[in-house]
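For clarity, every value in this text was computed on a predicted model and none was experimentally measured. Each ligand, and each atom within it, is numbered from 1 in the order the structure gives.
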Amino acid sequence: MLTATDFDYVRRLVLERSAILLEPGKEYLVELRLKPIVRMRGLRDLGELVQLLRTDVSGSLQREVVEAMTTNETSFFRDVHPFETLRQSVLPELLRNRAAERVLNIWCGAASSGQEVYSIAMTLREHFPELAHWRVSIVATDLSREMILRCREARYSQLEINRGLPANLLIKYFERADMDWRIREDVRRMIDFREMNLAGNWAGLPVCDLVFLRNVLIYFDDATKRQILGKVRGLMRPGGYLFLGSSETTLNLDSRFEQVKFDRTLCYRVRA
Ligand SMILES: C[S@@+](CC[C@H](N)C(=O)[O-])C[C@H]1O[C@@H](n2cnc3c(N)ncnc32)[C@H](O)[C@@H]1O
């Protein structure tokens, strides 16, 4: 069992390092996520783990704990419709509007284990062959080092493949890796993976035509959401699109974004 003081210590640490809110009532979640670390490190209990955290000079245990508190749920072509919108409406429009300079910059800001950004990359490969003659940059970032390593590895279990990846894309863009599947190297090379805290410094991101920031704002308080959306705005090229998760919105947070409805997907664009 986690004492109230230990919960408060973990809550503050996670907030400070990731902006993820752990409200009262989330004690069970902290226990669930931290118990494997207690086991792996051969510690007595959660109390001993928190004691070590308090004196963790190297910061490696603190990082491990913060990463353990992230939720990395994702899948290929998650929610389907945003990717249909991307293919049928958003990318054709961007390709028309950027035809003169032939530059397209994409950022996926909460990449988790990579399925989302690889879904984008496969969409580009599969449906927009003309982009072979463009300068296309795809950057994918996540707070979690472990997730970024997984993204680079691009190795997925059959179970993960079964969650949303069409068979034709599996055949075309993956190769066998023992019992798993691995994305082909030429697709892996399309993406620049980096560790990055959305609540920290965003140095080095390009000006973007397309930003995917899906299913991550839900973990933050409104002030952090506002701050992040403001920074996203500053990063977007005129006419660029922001994709959020289906339960996320810019409404009441940032009035400089306008909603654009495509069939069954809401996207966001900076007002002209
Ligand atoms: C639920 S996943 C969403 C993955 C993907 N975007 C999707 O919609 O399928 C949330 C991801 O956000 C990341 N995350 C949480 N807080 C973050 C922060 N402060 N900075 C960057 N990434 C963060 C987590 O590590 C996790 O991989």
Side-chain angles (χ1 to χ4, degrees), residues 10-23 26 29-30 33-34 62-86 106-123 138-154 156 159-165 191-205 208 210-232 235 241-249 265-268:
V10 175
R11 185 187 65 76
R12 282 168 193 268
L13 175 74
V14 171
L15 186 65
E16 191 181 294
R17 299 292 171 86
S18 68
I20 295 173
L21 274 183
L22 291 170
E23 279 158 339
K26 288 287 169 85
L29 187 69
V30 175
R33 298 279 181 81
L34 299 193
Q62 296 195 342
R63 164 184 281 281
E64 198 177 334
V65 163
V66 172
E67 290 201 9
M69 291 315 305
T70 62
T71 299
N72 309 119
E73 165 68 17
T74 190
S75 56
F76 288 104
F77 297 94
R78 182 174 184 176
D79 302 335
V80 183
H81 303 296
F83 292 92
E84 282 176 2
T85 293
L86 182 67
I106 301 172
W107 171 43
C108 181
S112 186
S113 39
Q115 288 90 326
E116 180 175 71
V117 73
Y118 284 125
S119 301
I120 299 170
M122 286 185 280
T123 301
I138 311 179
V139 178
T141 60
D142 199 281
L143 174 84
S144 162
R145 182 171 296 174
E146 187 189 336
M147 286 302 121
I148 290 300
L149 290 174
R150 274 216 67 196
C151 286
R152 292 198 183 115
E153 186 64 18
Y156 300 98
L159 211 69
E160 288 170 316
I161 294 290
N162 292 348
R163 293 187 62 201
L165 186 76
I191 304 158
D192 176 6
F193 290 104
R194 307 178 194 165
E195 276 174 47
M196 202 194 89
N197 184 355
L198 288 168
N201 185 342
W202 293 18
L205 287 180
C208 291
L210 202 53
V211 174
F212 271 61
L213 202 61
R214 298 175 67 220
N215 304 301
V216 66
L217 292 181
I218 39 171
Y219 300 106
F220 307 141
D221 63 18
D222 282 356
T224 309
K225 287 178 194 174
R226 285 198 180 95
Q227 197 182 26
I228 291 173
L229 287 171
K231 282 166 87 174
V232 169
L235 203 66
Y241 284 98
L242 165 68
F243 283 71
L244 297 176
S246 57
S247 61
E248 296 164 326
T249 178
T265 309
L266 274 182
C267 297
Y268 301 87

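For atom 6 (N) of ligand 1, the candidate residues are Ala110, Ser144, Cys151; the nearest heavy-atom contact is made by Ala110. Of the options Asp142, Ile20, Leu217, Asp79, the smallest heavy-atom separation from atom 27 (O) of ligand 1 is shown by Asp142.
Atom numbering of ligand 1 starts at 1 in the shown order; those under 4.0 Å from a heavy atom of Thr70 are 24 (C), 25 (O). Short contacts between ligand 1 and Ser112, defined as distances under 4.0 Å to a heavy atom of the residue, involve ligand atoms 4 (C), 27 (O). Proximity to Ser18 (heavy-atom distance under 4.0 Å) selects the following atoms of ligand 1: 18 (C), 19 (N). Proximity to Met196 (heavy-atom distance under 4.0 Å) selects the following atoms of ligand 1: 20 (N), 21 (C).
The nearest heavy-atom contact from the protein to atom 8 (O) of ligand 1 is Asn215 ND2, 2.8 Å. Ranking the protein heavy atoms by distance from atom 23 (C) of ligand 1 puts Leu143 CB, 3.6 Å first. The closest protein non-hydrogen atom to atom 20 (N) of ligand 1 is Leu198 N, 2.8 Å. Nearest non-hydrogen protein atom to atom 10 (C) of ligand 1 is Thr71 O, 3.2 Å. Protein heavy atom nearest atom 12 (O) of ligand 1, with residue, atom name and distance: Val216 CG2, 3.3 Å. With respect to atom 7 (C) of ligand 1, the closest heavy atom belonging to the protein is Arg78 NH1, 3.2 Å. Counting only heavy atoms of the protein, atom 9 (O) of ligand 1 lies nearest to Thr74 OG1, 2.5 Å.
In the model, Arg78 has no side-chain atom that pairs as donor or acceptor with a side-chain atom of Ser246 under 3.5 Å. Of the N and O atoms on the side chains of Thr74 and Ser112, not one donor lies less than 3.5 Å from an acceptor on the other residue.
If you look at Ala19 next to ligand 1, there are no close heavy atoms at all, none under 4.0 Å. For Glu67, no heavy-atom contact with ligand 1 is shorter than 4.0 Å. Of all the heavy atoms of Tyr219, the ones lying under 4.0 Å from any atom of ligand 1 belong exclusively to the side chain.
The shortest N/O to N/O separation between Ser75 and ligand 1 does not fall below 3.5 Å.
Shown here is Glu146, whose CD atom has no more than 12 heavy atoms of other residues, nucleotides or ligands within 6.0 Å.
Looking at heavy atoms from C-beta onward, Thr265 lies out of side-chain contact with Glu84 at the 4.5 angstrom threshold.
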Inset, instruction - Show your reasoning for whether side-chain contact (heavy atoms from CB on, under 4.5 Å) applies to Phe193 and Glu153. - result: CA-CA 11 Å; Phe193 290 104; Glu153 186 64 18; over 6 Å; no

Inset, instruction - Could you walk me through whether Asp142 and Ser144 pass the side chain to side chain donor-acceptor pair (under 3.5 Å) test, one step at a time? - result: CA-CA 5 Å; Asp142 199 281; Ser144 162; 4.6 Å; no

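Between Phe220 and ligand 1 there is a heavy-atom distance shorter than 4.0 Å.
Summarising the geometry, atom SG belonging to Cys151 is positioned 11.0 Å from atom CD belonging to Glu195; distances are rounded to the nearest 0.5 Å. Going from atom CZ of Phe220 over to atom CD1 of Ile228 covers 4.5 Å, rounded to the nearest 0.5 Å.
For Ala154, the side-chain contact (heavy atoms from CB on, under 4.5 Å) partners are Tyr118, Tyr156, Ile183, Arg188, not counting sequence neighbours. With sequence neighbours excluded, no residue forms a side chain to side chain donor-acceptor pair (under 3.5 Å) with Asn197.
Under 4.0 Å is where a charged nitrogen must lie from a carboxylate oxygen, and between Arg12 and Glu16 no such pair does.
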